[in-house]
2 protein chains.
Amino acid sequence: MPNACPEAEARYAEMLARVRASGLKLTPQRLAIARELAGDPTHPTAQELFERLRPGMPTMSFATVYNTLDALAAAGLCVSLSLSPGAARFDANMTPHNHAVCDRCGLVRDVPSCANGEPITEFAPCVNAAAPGFSLRAVERIYRGLCEACAADVPTAFRTRAGKPR
Amino acid sequence: MPNACPEAEARYAEMLARVRASGLKLTPQRLAIARELAGDPTHPTAQELFERLRPGMPTMSFATVYNTLDALAAAGLCVSLSLSPGAARFDANMTPHNHAVCDRCGLVRDVPSCANGEPITEFAPCVNAAAPGFSLRAVERIYRGLCEACAADVPTAFRTRAGKPR
DNA sequence: TGGATACTTAGAAAATTTCTCAGCTGCAAG
DNA sequence: CTTGCAGCTGAGAAATTTTCTAAGTATCCA
């Protein structure tokens, strides 16, 4: 039962409504993936979703996971995150927020936008000075560092490429 | 001759010195890759570097490109960027800066840190409220939107996943 | 100059993502 | 309720990106 918290339930309910509204068909596979995504703040990879859902839907294929995530993303219900090398992570939290990413284990944590969240328009001049004609849609902030567990256990040298313990 | 600008020459010279200082051996492959990287502000992928350098070094293998980029990164001379799905891009500009990334074609442009560049310490409380124990090393900003060329030629719907025209 | 060490090669392999297409299914219309 | 069909799924192959292995080669220090 992945959805204990009311926030996740609300997000899942909204996803259902918006999947229909987008003209996408409601299939068991989509429901399962949307529900799992909505209830998981760790931003799972396609692989992780597949492994978690497989026991309950043994016939589901890997391509379906990708197809579904693409469909959800196209409908604006989730986004694909490229925060570190390796597999993409998927995020159903569509409220503006940033991410803290562990350099060592690749862990991702949502970080609400700070108080000093400047409006996008404030960045435009700065961006356009460097990239003339660039039309700014969003500003994303990534906090890099070590998560609590990795910081507590730093061997001789720590790796820069994430997701590769050892 | 990839290095017309003095900035790139300076960066290349510093790379040479620091490659030695890191205990890394100076091989022709490393020199070529470091030079190409230092002179290219577009943050090439491993594939692009390989294709550019291959004519001058027909025996160079693909693995060497990756090995070298890893070695340079470990020595703090470049970083691997995961800005959009697909191949990683490599950046030899080690001064603090941000990136503008085109949603459509994947183009990357350096954007100097704006005047309102707050020190890292200002973000720490905000990050630690969401991720207790996270030790913050760096804050990275990504400007998402459309580059000039893509903005001028937006068909019906534009894609969110970069690097995939069509 | 010579030797230890680290690097390069080439190819295979692993990991991630996309594609193809045949068959099935949700769902809207009748 | 039944039907039709657009759109979805499943399975596997393929494409892309990155890593690994083994053996030969080059760099650099003494």
Side-chain angles (χ1 to χ4, degrees), chain A residues 16-17 19-34 43-51 53-54 56-75 78-90 106 159-166, chain B residues 16-17 19-34 43-51 53-54 56-75 80-90 106 159-166:
Chain A
L16 285 197
V19 164
R20 302 188 90 114
S22 309
L24 296 175
K25 287 186 179 172
L26 271 184
T27 67
Q29 294 83 353
R30 287 184 177 170
L31 297 187
I33 290 170
H43 310 322
T45 62
Q47 179 79 57
E48 285 165 359
L49 288 171
F50 180 65
E51 283 166 6
L53 298 173
R54 181 98 136 161
M57 306 186 84
T59 72
M60 187 173 63
S61 88
F62 214 88
T64 295
V65 177
Y66 278 104
N67 286 342
T68 299
L69 290 169
D70 280 354
L72 295 178
C78 74
V79 288
S80 158
L81 303 176
S82 304
L83 298 172
S84 50
R89 295 179 169 276
F90 295 86
R159 323 256 341 213
T160 295
R161 298 178 72 90
K164 307 263 207 53
R166 197 117 308 267
Chain B
L16 285 198
V19 164
R20 300 189 91 116
S22 307
L24 296 175
K25 289 186 179 172
L26 272 184
T27 68
Q29 293 85 354
R30 288 184 175 167
L31 297 187
I33 290 171
H43 309 324
T45 61
Q47 179 80 57
E48 285 164 0
L49 287 170
F50 181 65
E51 283 166 7
L53 298 173
R54 179 96 134 163
M57 306 185 85
T59 72
M60 188 174 63
S61 89
F62 213 90
T64 295
V65 177
Y66 278 104
N67 286 342
T68 298
L69 290 169
D70 280 354
L72 295 178
S80 158
L81 303 175
S82 305
L83 299 171
S84 49
R89 293 177 170 277
F90 294 85
R159 323 258 341 213
T160 295
R161 296 178 72 90
K164 308 265 207 54
R166 193 122 310 268

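Chain identifiers are assigned alphabetically (A, B, ...) following the order of the sequence lines, protein sequences preceding nucleic acid strands; residue numbering begins at 1 within each chain. No experiment lies behind these values; they were computed from the predicted model shown.
Residue A:Leu16 contributes atom CG, which lies 15 Å from atom C1' of C:dG26 at whole-angstrom precision. Rounded to an integer number of Å, the gap from CG of B:Leu69 to C1' of D:dT19 is 14 Å. In this entry the distance linking CZ of B:Arg89 with C1' of D:dT17 reads 13 Å, nearest Å. The CG-P distance, from B:Leu81 to D:dT17, rounds to 16 Å in whole Å. Following rounding to the nearest Å, B:Leu26 (CG) and D:dT25 (C1') show an atom-to-atom distance of 17 Å. The nearest whole Å value for the distance from the CD atom in A:Gln47 to the P atom in D:dT17 is 19 Å.
The closest side-chain heavy-atom distance from B:Thr27 to B:Thr64 is not below 4.5 Å.
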(request) Given side-chain contact (heavy atoms from CB on, under 4.5 Å), test A:Met57 with A:Gln29 step by step and report yes or no. (result) CA-CA 8 Å; A:Met57 306 186 84; A:Gln29 294 83 353; 3.8 Å; yes

(request) Report the C-alpha separation of B:Leu69 and B:Leu49 in whole Å, then their side-chain angles, then the decisive distance to 0.1 Å, and conclude whether the side-chain contact (heavy atoms from CB on, under 4.5 Å) test is met. (result) CA-CA 10 Å; B:Leu69 290 169; B:Leu49 287 170; 4.0 Å; yes

(request) Sugar-phosphate atoms are those with a prime plus P, OP1 and OP2; base atoms are the rest. Using that split, label each nucleotide of nucleotides 8-15 of chain D B, S or - for protein heavy atoms under 4.0 Å, 5' to 3'. (result) SSBBB---

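Taking side-chain N and O atoms only, A:Tyr66 has a distance below 4.0 Å to OP1 or OP2 of C:dT17.
Residues satisfying the side-chain contact (heavy atoms from CB on, under 4.5 Å) test with A:Leu26, not counting sequence neighbours, are A:Leu16, A:Val19, A:Arg20, A:Leu31. Applying the side-chain contact (heavy atoms from CB on, under 4.5 Å) criterion to B:Thr45, with sequence neighbours excluded, gives B:Gln47, B:Glu48, B:Ala87, B:Arg89. Residues meeting the side-chain contact (heavy atoms from CB on, under 4.5 Å) test with A:Ala71, sequence neighbours left out: A:Leu24, A:Arg30.
Among all heavy-atom pairs drawn from B:Pro85 and A:Ser82, the shortest one is N-OG, 3.2 Å. Heavy-atom minimum distance, B:Ser61 versus B:Phe50: C-CE1, 3.8 Å.
Listed nucleotides D:dT18, C:dC27, C:dT18 differ in distance to A:Arg20; the shortest reach to its side chain belongs to C:dC27.
Here the straight-line distance linking atom SG of A:Cys78 with atom CD1 of A:Ile33 works out to 10.0 Å at 0.5 Å rounding.
With the end axes of the helix from C:dT1-D:dA30 to C:dG30-D:dC1 each set by five pairs, the angle from one to the other reads 40° at 10° resolution.
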